[in-house]
Amino acid sequence: MPTGPAPEPAFDVGYWVDFAKAYAKSVGLELDSEAVSCWDNPTIASSASRYLERDLCGLLNKYSRDADITAVWIWAEPRTESSWDIYIGYA
């Protein structure tokens with residue numbers, strides 16, 4: 001017998017931060033924990049995020065094509081109990 005809606009799958013924001021850091025390096029960006037003064041709107045991440053990989057890669061590709069941006073730092077901050085803002089700072 002059904003007992004209600006299925007629980008949302010667990011979401012590991014750390015996986016996505018690590019993914020974005022690895023992707024940044026793969027497109028020629030350096031990781032620099034000091035690159036936190038400038039960023040665009042954060043990417044909202046949760047188990048309902050359908051295009052998270054596309055969105056993160058798109059931003060990092062954009063930054064890698066900008067001659068003024070050589071380094072990035074990627075981190076997450078809680079938005080709600082089940083979602084986060086993923087920031088990509090750049091310098």
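A donor-acceptor pair under 3.5 Å is absent between the side-chain atoms of Ser49 and the main chain of Leu52, judged by distance alone.
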Next item on the list: Any chance you could lay out the side-chain contact (heavy atoms from CB on, under 4.5 Å) test for Val36 and Trp75, step after step, and finish with the verdict?
Entry: CA-CA 9 Å; Val36 295; Trp75 72 98; 3.7 Å; yes
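Take Asp55 and apply the side-chain contact (heavy atoms from CB on, under 4.5 Å) test, not counting sequence neighbours, and it matches Thr43, Tyr51.
Here the CD1-CD distance, from Ile86 to Glu77, works out to 11.5 Å after rounding to the nearest 0.5 Å. Annotation: the span from Ser46 atom OG to Glu81 atom CD amounts to 13.5 Å, rounded to 0.5 Å. Here CD1 of Ile88 is found 9.5 Å from NZ of Lys62. Values are rounded to the nearest 0.5 Å. To the nearest 0.5 Å, atom CG of residue Leu31 and atom CH2 of residue Trp73 are 6.0 Å apart. For the atom pair OG of Ser47 and CG of Asp12, the computed distance is 12.0 Å after rounding to the nearest 0.5 Å. Atom-to-atom distance recorded for Asp85:CG and Trp39:CH2 is 11.0 Å, nearest 0.5 angstrom.
Nearest approach of Val27 to Leu60, heavy atoms of both residues: CG2-O, 4.1 Å. The two atoms that bring Ala71 and Ala35 nearest to each other are O-CB, 4.0 Å, heavy atoms only.
Taking the six-membered ring where tryptophan is involved, the planes of Phe19 and Tyr23 are essentially parallel, since the angle between them stays under 30° and well short of 60°.
At least one test fails for Lys21 against the ring of Trp16: distance under 6.0 Å to the centre or angle within 45° of the axis.
Residue-environment remark: CZ (Arg50) stays at or below the threshold of 12 foreign heavy atoms within 6.0 Å.
Grouping the Ile, Leu, Val, Met, Phe, Trp and Tyr side chains by contacts below 4.5 angstrom, directly or via other members, places Tyr15 apart from Ile44.
If you look at Phe11 and Trp84, their ring centroids are closer than 6.0 Å.
Of the listed residues (Asp68, Thr70, Asp40, Asp66), just one forms a side chain to side chain contact (heavy atoms under 4.5 Å, CB included) with Tyr90, and that residue is Asp40.
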